[in-house]
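For reference, the structure discussed in these notes is given below.
Along the sequence shown, residues carry numbers from 1.
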Amino acid sequence: MSLLTTVTILLMALTTYLTRVAGYLLLRNRTLGPRTRAVMDAAPGCVLITVIAPHFVTTHPADLLALAISLVAAMRFSLLPVVIISVVATAFLRHLL
């Protein structure tokens, strides 16, 4: 692995860590109102949507089928099972098709 790749990975990890820690540090002594709590609860779903949204415009049948499975799973389960189901469905369907 090249030095540039290593530095890039380390900087990405540091940025991810700092953004996660910053939220806890900024909100540690505050009581969140119901509206703010609702926004914070919706954030993980919004991130998941930004990851899968580009697949809405694909023409690859495996990705479209996996997207449909993900949407059905999202209506029935919480975030972690949906991510697991989506990853497994995508891998299986890409292998199969």
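Atoms CG and CD1, from L14 and I9 in turn, are 13.5 Å apart once rounded to the nearest 0.5 Å. Note that CG of D63 and OG1 of T58 are 4.5 Å apart. Values are rounded to the nearest 0.5 Å. Taking CG from L27 and OG1 from T36, the interatomic distance works out to 8.5 Å, rounded to the nearest 0.5 Å. T31 contributes atom OG1, which lies 8.5 Å from atom CZ of R37 (distance to the nearest 0.5 angstrom). With rounding to the nearest 0.5 Å, the separation of CG in L64 from CD1 in I69 is 11.5 Å. From I85, atom CD1 reaches atom OG1 of T90 across 11.5 Å, with rounding to the nearest 0.5 Å.
Nearest approach of S70 to S86, heavy atoms of both residues: OG-OG, 2.7 Å.
There is a path of hydrophobic side-chain contacts, each under 4.5 Å, that joins V87 to V82. Both Y17 and L25 are assigned to one and the same hydrophobic cluster, defined by single-linkage of ILVMFWY side chains at heavy-atom distances under 4.5 Å. V21 is connected to L18 through a chain of hydrophobic side-chain contacts under 4.5 Å among Ile, Leu, Val, Met, Phe, Trp and Tyr, so both are in one cluster. Residues F77 and L79 are members of one and the same hydrophobic cluster, defined by side-chain heavy-atom contacts under 4.5 angstrom among Ile, Leu, Val, Met, Phe, Trp and Tyr.
Under the side chain to side chain contact (heavy atoms under 4.5 Å, CB included) test applied with T8, the options L4, L11, T5 reduce to a single match, L4.
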